[in-house]
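One structure is given below, encoded as structure tokens.
All heavy atoms count here, side chains included; hydrogens, waters and symmetry mates do not. Note on naming: letters A, B, ... go to the chains in the order of the sequence lines (proteins, then strands), and numbering restarts at 1 for each one.
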Amino acid sequence: MLNKKVAEIFQNISSMLALKGENHFRVRAYEHAAGIIEDLTEDVKDIAQRGALTEIEGIGKDLAEKINDIITGDTTALYEDLKKEIPSGLLELLRVPGLGPKTVKLIYDRTKIDSVEKLEKAAKTRQLAELPGIREKTIENIIHGIGIYQRGQEAVLNPVAHRIAGQFVDSLKNLKEVGQISVAGSLRREKGAVRDIDILIAGNPMQKIIDEFVKLPIVKETRERGPAKSSVIARENNIQVDLRIVEKQSFGAALLYFTGSKEFNIKLRESAIAHGYKLNEYGVFDGKEKCLAGKTEEEVFALLGMDYIPPELREDRGEIDAAISHNLPRLVELSDIKGDLHVHSTYSDGLSTIEEDAAQAQALGYRYIAVCDHSQSLHIAKGLSRNEIHKKSEEIRALNKKYNNFRILCGTEVDINNDGSLDYPDETLKEFDLVVAAVHSGLRQSKKQLTKRIVSACKNKYAHIIAHPTGKLAGQRDAYDIDLNEVFKAAADYNTALEINSYPQRLDLNDTNAMAAKKRGVKIAIDTDSHQFRQMEAMGLGVNVGRRAWLTKNDVINCMGLEELMKWLEK
DNA sequence: GCCGTTTTCGGCCCGACTGTTTTCAGTCG
């Protein structure tokens, strides 16, 4: 897929134009386009072949031409020219927190410093103090920023960030100065991984709250401390926590602003302008600076003629238009989930017995569970032989006799072999209630081979679900390169569901891919892939991915009742 | 560089905090 490359080139062009001091809107156009292209599920090459590049929002005639240059010639003239002019090390310098294009350019023009290494030396020897506008405090900030850059702040997984955020909220909510308090930012939008934690408070006096905030024992250091806003580093995970305080009549407007996303905010503020209003974090104001709304998010949306947009949708992916035309989807909720269709047991590499899994499923209010152990070839995970399948099936049959209004489905997570066949013959597969198929080996195959394997698994009449379709494992490996559009087509044509795997490191399909799958008519299964019964509690993470993908309960097969599901499984 | 229910030209979200300089530029979200 060329998208990553195009996005990277556009991002670099944007940075280099900024370093040159070019028009800031031109800089933004490249940056914006980079973000859009990075999010596309369809290969820009295919879009270009259809001649549809300029239909992408943010891509005009000029950028479309540059994309075509990159498709045919791997680069574009502007990029090559800029590279001759601007040392690549300056792009690295821009990634140091606190350093922007102006400062990097100033430093480079005066000292020829073009790497983080050289900058660190110049800062520590106080050579930088000779530059205009740079004094001791700025030098200290640069040294500190380099430290953060070198440690490389990893994104923190959603559940970990929620737990840390919860500690901050719990520590602050009972202060008498605090009225309302809410988590905001990407964590409220339920992104799978976040780079900081945002917390909003309505309260008074603000200074008192800031004072309490920065001296919490869970705070490692204070980065910023103003009258209404402060930024600290938490001890745990070294994650940055931003606190913003407003008066209570502004809480809704501030929550909107602080929840983002940035692109969503820009669109919403533009929409306010179109109505003749101004929207900021204090409220919606008319031409005479009179506040018309701001206490709640709901009243701001209503004033702008929109339905309430759930935080998970606020990514500038068409939600504002949908909110105006009353076409927002009714998003799937955790309470819509009727069962977990992918959990393991002690029969293969799970740590819980089938009975324990079933007990947990009932405790979660489910109607069914599918216990899907690994297949024969996956020796490392104790894949099941024919005899073991028989034994497992007998145990499930016996257990099911005990239950009222609950059912264990006998399933398997069968390996997709290198040639695209499945790891059990058809006569074995058809004995299972449910078959989940997955790639666990040959991950380094070519895009063409991997795509072909998954497509043939979709076509197998006994396969119901493709598990973790892209193989992404946060911190360990990227998604493997497959042609998702071919997979979506096969999944839709052969009525095979694709999984949103709720395991925190996976979350695979991700939101944009699941959204594209839905558009192609593909059904989704949201599963936990639990290897220990407690892990089944992670279902909410997968549901959040589904919500970010605009899924309703009708898109998700495990929102079906048992009878309906059994019928669907007949294919 | 993009875009159009005021527009094919002239706009492009808006404000807090910091550091350095005495009123503001740079960075960030």
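Across all strands shown, A:Glu140 has no heavy atoms under 4.0 Å from either base or sugar-phosphate atoms. Contacts of A:Lys267 with the nucleic acid, taken as non-hydrogen atoms under 4.0 Å apart, are absent. Here A:Ile273 lies in heavy-atom contact (under 4.0 Å) with sugar-phosphate atoms only.
If you take atom P in B:dC13 and the same atom in B:dC2, they sit 16 Å apart, rounded to whole Å. Spacing of P atoms, B:dC12 relative to B:dT7, comes out at 16 Å, to the nearest Å. B:dG29 sits 29 Å from B:dT23 when the P atoms are compared, rounded to a whole Å. Here, B:dA16 and B:dT21 have their P atoms 24 Å apart, quoted to the whole Å. For the C1' atoms, the distance linking B:dG1 with B:dT5 amounts to 24 Å, nearest Å. B:dC9 and B:dC28 have their P atoms separated by 37 Å, with the value rounded to a whole Å.
Of the two residues contacting DNA chain B, namely A:Asn280 and A:Glu57, the nearest-nucleotide position lying further toward the 5' end is that of A:Glu57. Annotation: of the two residues near DNA chain B, A:Leu63 and A:Lys137, the 5′-most nearest-nucleotide partner is A:Leu63.
The interatomic distance linking A:Ile67 (CD1) with B:dG1 (P) rounds to 13 Å, in whole Å.
A cation-pi arrangement is not found for A:Lys215 relative to A:Phe213, the charged atom failing to lie both closer than 6.0 Å to the ring centre and inside a 45° cone about the ring normal.
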Inset, instruction - Classify every nucleotide of nucleotides 21-29 of chain B by which part a protein heavy atom approaches to under 4.0 Å, writing B for the base, S for the sugar-phosphate alone and - for neither, in 5'-to-3' order. - result: S----SSSB
Pairs of donor and acceptor atoms involving the side chains of residues 252-266 of chain A, under 3.5 Å and at least two apart or interchain, shall be tabulated with distances.
| residue | atom | partner | partner atom | Å |
| --- | --- | --- | --- | --- |
| A:Thr259 | OG1 | A:Arg188 | NH1 | 2.9 |
| A:Thr259 | OG1 | A:Leu255 | O | 2.6 |
| A:Ser261 | OG | A:Phe264 | N | 3.2 |
| A:Ser261 | OG | A:Arg314 | O | 3.1 |
| A:Asn265 | ND2 | A:Tyr257 | O | 2.9 |

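In this structure, A:Asp114 pairs ionically with A:Lys118, as a charged nitrogen and a carboxylate oxygen lie closer than 4.0 Å. A:Glu57 and A:Lys267 are joined by a salt bridge, as a carboxylate oxygen and a charged side-chain nitrogen come within less than 4.0 angstrom of each other.
For B:dT8, there is no paired base (Watson-Crick or G-U wobble, both distances below 3.5 Å).
Looking only at distances, no side-chain donor or acceptor of A:Glu315 sits under 3.5 Å from a matching main-chain atom of A:Glu312.
Side-chain contact between A:Asn158 and A:Leu541 is present, with heavy atoms from C-beta onward closer than 4.5 Å.
Scanning all heavy atoms of the two residues, the minimum distance from A:Leu507 to A:Gly542 falls at CD2-N, 4.5 Å.
Between A:Tyr282 and B:dA16 there is a side-chain N or O to OP1 or OP2 distance below 4.0 Å.
For A:Asn141, the listed nucleotide lying nearest its side chain is B:dG19; candidates were B:dG1, B:dC14, B:dG19.
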